[in-house]
Number of protein chains: 2
Amino acid sequence: MSDLLERLRERGWRMTSQRRVVAEVLDGDHVHLTADEVHARAAQRLPEISRATVYNALGELVSLGEVTEVSTDGRARRYDPNAHLPHHHLVCSRCGTIRDVHPAADPLADLPEEERFGFTVSEAEVTYRGLCPSCA
Amino acid sequence: MSDLLERLRERGWRMTSQRRVVAEVLDGDHVHLTADEVHARAAQRLPEISRATVYNALGELVSLGEVTEVSTDGRARRYDPNAHLPHHHLVCSRCGTIRDVHPAADPLADLPEEERFGFTVSEAEVTYRGLCPSCA
DNA sequence: ATTTCTGCAAATCATTTGCAAGTAT
DNA sequence: ATACTTGCAAATGATTTGCAGAAAT
């Protein structure tokens with residue numbers, strides 16, 4: 001939905017069929033997939049695609065700032081395609097699913113100077129935990 | 001400081017020399033260690049202690065709710081011994097140091113019903129990112 | 001005595017890397 | 001043509017597991 005592909009092309013990202021499929025799988029998704037899930041979905045369209053290639057592409061998208069890595073307590077990192085929109089995460093404690101949620105207030109404002117210990121704080125992210133509808 | 005050992009004994013946690021050392025390493029520390037760091041410190045006092053045993057003990061402390069697992073973007077989880085006090089984390093984007101900070105407001109209150117997507121939300125944790133005094 | 005730990009080594013899971021062959025520019 | 005990508009398989013890092021012997025209750 002957010003035309004990730006077009007942005008990538010404009011930025012001169014070398015396009016190959018596997019890179020396109022990875023970008024397509026991520027684009028506009030509101031749930032956040034693990035590298036393995038991205039690989040599985042990509043492989044539906046392009047059966048020969050290898051896991052290493054998916055990891056490469058994801059790593060580049062992260063460096064480009066088009067995608068963000070989210071690591072909640074589980075083991076596998078998840079990839080968040082909505083890097084440009086400020087938002088927080090809702091995580092299911094049982095199955096690990098992550099959804100984006102939108103802030104009602106800026107948590108940065110809630111950290112008083114004396115609780116900053118000399119840090120130059122530039123961003124705050126909130127992780128809400130609970131059970132998703134299917135796990136509850 | 002926080003008498004983790006005493007609490008564990010009261011709760012009937014079977015005590016062995018290795019479990020004691022793990023608890024001692026964690027107790028009252030304000031920095032949050034990885035499993036491997038815990039193992040290294042424990043091994044200074046008890047050279048034969050194995051990594052698997054450290055993982056076992058950490059896992060049990062987490063299940064008991066005495067310790068919390070924190071995973072900030074790196075790949076190794078860190079263990080936070082201050083599970084009983086509500087607090088958030090201040091992470092240095094350069095060196096990875098984590099400090100505890102105390103909330104000025106409860107972020108749970110800032111997530112409106114229509115942004116919960118059917119989840120039963122039970123907790124919220126905030127990660128503040130920036131540069132620590134030494135890295136700035 | 002019984003139940004629960006410990007250490008070891010091997011197993012597993014997530015991710016990375018080296019390199020020859022393939023492909024976009 | 002050239003430089004960058006891919007796929008494979010093997011390497012790595014983090015964590016888990018199976019099991020026989022050791023230790024706590």
Side-chain angles (χ1 to χ4, degrees), chain A residues 5-6 8-26 32-64 67-80 95-96 98, chain B residues 5-6 8-26 32-43 45-64 66-80 96:
Chain A
L5 280 160
E6 174 144 2
L8 290 170
R9 219 175 262 111
E10 275 165 18
R11 297 185 62 179
W13 200 51
R14 187 178 272 233
M15 195 59 71
T16 65
S17 47
Q18 18 289 87
R19 288 159 83 124
R20 179 177 6 265
V21 174
V22 169
E24 283 171 1
V25 165
L26 288 174
H32 303 336
L33 307 168
T34 59
D36 209 57
E37 287 164 347
V38 171
H39 175 254
R41 298 195 182 195
Q44 288 180 308
R45 304 236 199 119
L46 202 61
E48 337 75 71
I49 194 171
S50 82
R51 238 169 286 268
T53 297
V54 171
Y55 276 105
N56 282 344
L58 290 172
E60 289 186 37
L61 293 173
V62 170
S63 313
L64 287 170
V67 161
T68 304
E69 271 179 4
V70 187
S71 75
T72 60
D73 288 339
R75 296 138 137 327
R77 302 177 206 164
R78 288 172 181 272
Y79 294 85
D80 179 348
C95 69
I98 304 179
Chain B
L5 281 159
E6 174 144 3
L8 291 170
R9 219 175 260 111
E10 274 165 17
R11 298 184 61 177
W13 199 51
R14 186 178 272 234
M15 195 58 71
T16 64
S17 48
Q18 19 286 88
R19 290 160 84 128
R20 179 178 4 265
V21 173
V22 169
E24 282 170 3
V25 164
L26 288 174
H32 303 335
L33 307 169
T34 60
D36 210 58
E37 287 164 348
V38 172
H39 174 254
R41 299 196 181 194
R45 303 238 199 120
L46 203 61
E48 336 76 73
I49 194 172
S50 81
R51 237 171 285 268
T53 297
V54 170
Y55 275 106
N56 282 344
L58 289 172
E60 288 186 38
L61 292 173
V62 170
S63 314
L64 286 170
E66 294 289 351
V67 161
T68 305
E69 273 179 1
V70 188
S71 74
T72 63
D73 289 340
R75 29 226 108 303
R77 302 174 204 167
R78 288 173 180 273
Y79 294 85
D80 178 349

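What you see is a predicted model, and the numbers here were worked out from it, not measured in a lab.
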inquiry  = From CZ of A:R20 over to P of D:dT5, roughly how many Å is that when rounded to an integer?
reply    = 14 Å
note = Regarding the side chain of B:R14, the nearest nucleotide among D:dA24, C:dC8, C:dA14 is D:dA24
task = Would you mind telling me which of D:dG7, C:dT15, C:dC8 lies closest to the side-chain atoms of B:A52?
result = C:dC8
inquiry  = I want to verify a distance call: between D:dT15, D:dT25, C:dT16, whose nearest atom is closest to the B:M15 side chain?
reply    = D:dT25
note = A:L8 atom CG is separated from C:dA24 atom P, nearest whole Å, by 17 Å
Check: A:I98 and A:D80 side chains under 4.5 Å, non-hydrogen atoms = no
request  = Using whole Å, report how far CD of B:E60 lies from P of D:dT17.
outcome  = 13 Å
task = Report yes if a side-chain nitrogen or oxygen of B:T16 is closer than 4.0 Å to either non-bridging phosphate oxygen (OP1 or OP2) of C:dT4; otherwise report no.
result = no
request  = For the side chain of B:R77, starting at C-beta, report the closest nucleotide among D:dG7, C:dT15, D:dT15.
outcome  = D:dT15
message = Donor-acceptor check, side chain of B:E37 to backbone of B:T34, threshold 3.5 angstrom: yes or no?
response = yes
query = 5'-most contact on DNA chain D: A:V54 or B:D36, nearest heavy atom basis?
reply = A:V54
inquiry  = Just N and O in the side chain of B:T53: are any of them under 4.0 Å from OP1 or OP2 of C:dG7?
reply    = yes
inquiry  = Check this one for me: any side-chain N or O of B:Q18 less than 4.0 Å away from OP1 or OP2 of C:dG7?
reply    = yes
inquiry  = Let's see if you can work this out: which of D:dT17, C:dT17, C:dT16 has an atom nearest to the side-chain heavy atoms of A:N56?
reply    = C:dT17
query = Should B:R19 be listed as having a side-chain N or O under 4.0 Å from OP1 or OP2 of C:dC5?
reply = yes
inquiry  = With a 4.5 Å cut-off on side-chain heavy atoms, are B:R9 and B:R20 touching?
reply    = yes
task = Specify the residue among A:S50 and B:W13 whose closest nucleotide of DNA chain D lies further upstream toward the 5′ end.
result = A:S50
query = Does a nitrogen or oxygen in the side chain of A:Y55 sit under 4.0 Å from OP1 or OP2 of C:dT16?
reply = no
remark   = Per atom distances to the A:I49 side chain, the nearest of D:dG7, C:dC5, C:dT15 is D:dG7
key: Stepwise side-chain contact (heavy atoms from CB on, under 4.5 Å) test for A:M15 and A:L5   = CA-CA 9 Å; A:M15 195 59 71; A:L5 280 160; 3.8 Å; yes
ask   = Would you say D:dT15 has OP1 or OP2 under 4.0 Å from some side-chain N or O of B:R51?
value = no
remark   = note: B:H39, atom NE2; D:dT15, atom P; distance rounded to Å ~ 13 Å
inquiry  = In this structure, how many angstroms lie between the C1' atom of D:dA23 and the CD atom of B:E48, rounded?
reply    = 14 Å
request  = Considering just the side-chain nitrogens and oxygens of A:R9, establish if one lies under 4.0 Å of OP1 or OP2 belonging to C:dA24.
outcome  = no
query = Does B:R19 reach the main-chain N or O of B:W13 with its side chain, forming a donor-acceptor pair under 3.5 Å?
reply = no
